[in-house]
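This report refers to the structure that appears directly beneath it.
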Amino acid sequence: MTTPPFQADDFEWLEALSRAVSSFHGGAPIATAFQEEREDRRVVLSTGRPPESTVSFTTGVSIRRPGPPPEEIWAAGISPEAVSPLLDGRTPRPERREPIPKAEDRSGPARIVRAARSLFEAATARASGDGRTGTVAVVGSAFRQRVRVAAAGGTPRADTREGGWLRLEVEGSDRGRTSGAVVEVVLRGAADPPWDDLARDAFARMESRFEAVPADPRVTDVVFAPGIGGILLHELVGHSLEGDLPRDGGSWLAGDGARVAPAEVTVIDDPRRGRVPWRYDDEGVEARAVPLLREGRVAGALLDRASARRRSLEPTGHGRRSGFRDPVLPRMGATFLTAGSVSPADTIAEVRRGLYVRRMSGATCEPARGRAIFRVTEAEAIEQGRRSHPVQPFLLEVEGPRSLPTIDAIASDLSFDACIGTCQRLGQPLSTSVGAPTFRLRLIRVLSTQELQG
Amino acid sequence: MIADDRTEFPDPEGELRETTRAWDRARRVASSGTAIEIYTRWSRRVRVRIEPGVGRIEERGWDVGTAVRSHDPSMSTLGFAAASGRAAIEAVALARVALESAVRVPGASAPWSRRGERVLRDLDPTLELPSAGRLFDWLDGAAAGAARPATRWIEAAATVEAVAAEGLSWVRTRRRVWAVALGEGLPETSAARSLEALPPVPAGPGLAAPSEGPIRGPLRFGPRALAVLVPSLVRALHGGAPPLGLEVGPGWEVRDDPRFPGAVVGGTFDDCGFEAVPRALSRRGRVIEGVQGPGTLRRGSYRDLPEPGPSLLVVTPPMAALSEDRLDVLSLRIEPATPKRWRLEMDGERWVAGRSAGGVRGAGLWTDPVTLARACVAGSGEPAPCGWGVLSPALIFEGLGAAE
């Protein structure tokens, strides 16, 4: 969650960063100074591999000068007093100002360790003793990041981003057939999720999938379970409207106002919601919701300061970086399809033969062509308006220009973070959220392993 | 540009002494019998970018980090904690965190080599980096031969690493230069120890105009495609629990060679101090070894635990004449539906009766790692660097079926 604008230890940093920016290029339009303190924890518990627990603490500063050519200068572990010498071209001398938090501090990211153990114990207790369960693994990850930013001509800002999630993976085999299931949960607030329920859900899904058959490659209709279809909008719409893409041929959604989907389709990116929200971006710009598609038409773009300046627009608060070592890019925060009015059951009832997608584990996209491929790991066949048997993992190819106009049913059950993902862009990972209600798409291409058998 | 770059490169021996002193203090917070390892990494980077429509951008940075591992053999626990900053400042606090957050790993063997008193050294003759101006000149030269404008960058980096632990100390310095061109699809990368040795990155495969028609004959994968294919196949066949003895094609003749002259990754010892030697992974049509265990352990950064990984994958297939009907695969993407079911998405050029029959975009083919390795029959042309860590001639694959 974001925290109040300033904390006691912000002021010394903000003063040093502001001094650095103003001393160089008072009033220059894109000169910013950025500082971060970050704690990351990761834990892996597994019946099939050695456990791991890692902790890291990172501090660093990055200063951007407008040039020409524009320059970015960064350094790890320095104090506020070392910012000016850094700009003079001198090798920085790292020194720690605040002690590393003690490991026994159970608040914040350290909580992930206990949470992972609880989920692992619940899952291993449920594992069958009949040899059907192969491995049980829990991966937990949590972080907390405090950033301070000064921008030429702007108000200094500070922001806290934090989040934690757990993933439970179970795999098993039965008479030569293998199956598996994944359950993910975002840690929110102080209360623990229901560990036993999560473990029960994972095993029930694994058991049901021993009978899975290859997906039918002739199917063209797909219904996405609540939350899951947000990945499709993230890939096809969000990535295609990142403001640094070349406007000439870089994106299939380059034309403002162009109709690309039915009028019921509105897609928004709002960094202030989702599992890792931010109030100010990494350039100190206040984050705001940006309609990407409004009533089926291209309505906006995600802009950092540089891309906004090139387009003669205001930045939207979407300038993010993985850390002080990386350049700022326009990035998505929480991308979602707004709710419709159809009941979830009706999205399936009209499908004679189709697929109901429950989980996708990865995707790649080509913004220039508007084409994306999704890895579907849990899905069921739809036959005569009913969900029937589970299907094996397959790839789903979606071509935005042809497929988005075929969205013809959007339910009212908007849901977020049904699938937890890290978005990779130009080598920079970033925690992002997606959301969507149940919705139906009529024109997809199933790349099924059934083709192998044919 | 920053006119006055006054970078002071640390003296490697001084770094090792400082790390050793930090280790001596940090080990006192551990109970008797618990071993502590301190790893420090200093790095300096200069990166310059050229973006179409934006222009030239220069980045430079300094990174310093320390990692502490603990190993208690009596309790079978391993701990890890890392922080930005120097060992002299961070080591004691990090040792406390590592000890407190250690996890039990039944049967865990010593996570680093206990070689005794001798200090291991692997030092580059110099840590001086090319200036930003020279890097821009290189990019300008590379762009001159490109098929089309694309975002490009080139980065030069120097690192100094030092380790002090019970029974182990080592120091390593390394220079590295790598360049990237972002065309359509996957970025194209090249890497070397020095700017002079860096192969060009010609943004995009320069595809011929797409044409319709069947794809006949074998597939011939070029360097850009092999930069994706070879590491993926090595992970699938030679990582984790490798299927030793598995039959593969005669062309899948691969070794991991950390001592190859000029290799970007590698050296005489790995990041845990274990001796690193060339190891044949596949030979004479059989999988004979995996990339795992002592000699292969590498850290992605000071924040990461050492993990098994290859250094330089050298492919030495028997050579064969080119078929007149074939698909030259210039660019490849692997989409795994499952770890054992891959879809290859290929861009390339179709050849019929020895003549180019036009470009192919997005040709798809379902396969699996074992089938793919068995289909690798031979090589063609001279060995060439492929991305970061592969040296191979073009590879010929037969019998994979028709691409869509």
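Not measured: the values here are computed from a predicted model. By convention in this document, chain letters (A, B, ...) are assigned in the order of the sequence lines, proteins followed by strands, and residues within each chain are numbered from 1.
- Note: Trp62(B) CH2 to Ile78(A) CD1 = 9.5 Å, rounded to the nearest 0.5 Å.
- Between Thr54(A) atom OG1 and Arg69(B) atom CZ the span is 12.5 Å, to the nearest 0.5 Å.
- Neither the backbone nor the side chain of Arg38(A) comes within contact range of chain B; no heavy atoms are under 4.5 Å apart.
- Heavy-atom distances place the side chain of Tyr302(B), and not its backbone, under 4.5 Å from chain A.
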Quiz item: Would Ile373(A) and Glu345(B) count as a side-chain contact (heavy atoms from CB on, under 4.5 Å) if you check the C-alpha gap in whole Å, the side-chain angles of each, and the deciding distance to 0.1 Å?
Solution: CA-CA 11 Å; Ile373(A) 291 182; Glu345(B) 295 252 322; 3.5 Å; yes

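- The closest side-chain heavy-atom distance from Trp342(B) to Leu395(A) is not below 4.5 Å.
- Among the candidates Arg49(A), Arg42(A), Arg371(A), the residue making the largest number of heavy-atom pairs closer than 4.5 Å to chain B is Arg371(A).
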Quiz item: Are Glu52(A) and Glu307(B) close enough, and set up right, to give a side-chain contact (heavy atoms from CB on, under 4.5 Å), and what steps lead you there?
Solution: CA-CA 12 Å; Glu52(A) 290 176 15; Glu307(B) 296 278 356; 3.6 Å; yes

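- Rounding to the nearest 0.5 Å gives a distance of 11.0 Å between CD1 of Ile57(B) and CD of Glu71(A).
- Side chains of Leu447(A) and Glu335(B) form no contact here, defined as non-hydrogen atoms less than 4.5 Å apart.
- The two residues Thr59(A) and Ser84(B) make their nearest non-hydrogen contact at N-OG, 2.8 Å.
- The heavy-atom pair separating Ser53(A) from Phe80(B) by the smallest distance is O-CB, 3.8 Å.
- Note that CD of Glu72(A) and CZ of Arg60(B) are 12.5 Å apart. Values are rounded to the nearest 0.5 Å.
- Top candidate by heavy-atom pairs under 4.5 Å with chain A, chosen from Arg303(B), Glu51(B), Arg49(B), is Arg303(B).
- Using a 4.5 Å cut-off between heavy atoms, Arg104(B) contacts chain A through its backbone alone, with no side-chain atom that close.
- Annotation: side chain of Phe57(A) is not in contact with side chain of Glu90(B) (no heavy-atom distance under 4.5 Å).
- Atom CD of Glu58(B) is separated from atom CD1 of Ile73(A) by 8.0 Å, given to the nearest 0.5 angstrom.
- Between Arg64(A) and Glu59(B), every side-chain heavy-atom pair lies at or beyond the 4.5 Å cut-off.
- In this structure the side chain of Pro393(A) never reaches within 4.5 angstrom of the side chain of Arg341(B), judged on heavy atoms.
- A distance of 4.0 Å separates CZ in Arg325(A) from CG in Asp63(B), rounded to the nearest 0.5 Å.
- Residues Pro50(A) and Val105(B) come closest through the heavy atom pair CB-CG1, 3.7 Å.
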Quiz prompt | Test log, rule side-chain contact (heavy atoms from CB on, under 4.5 Å), inputs Thr338(B) and Phe394(A) | solution = CA-CA 8 Å; Thr338(B) 72; Phe394(A) 61 94; over 6 Å; no

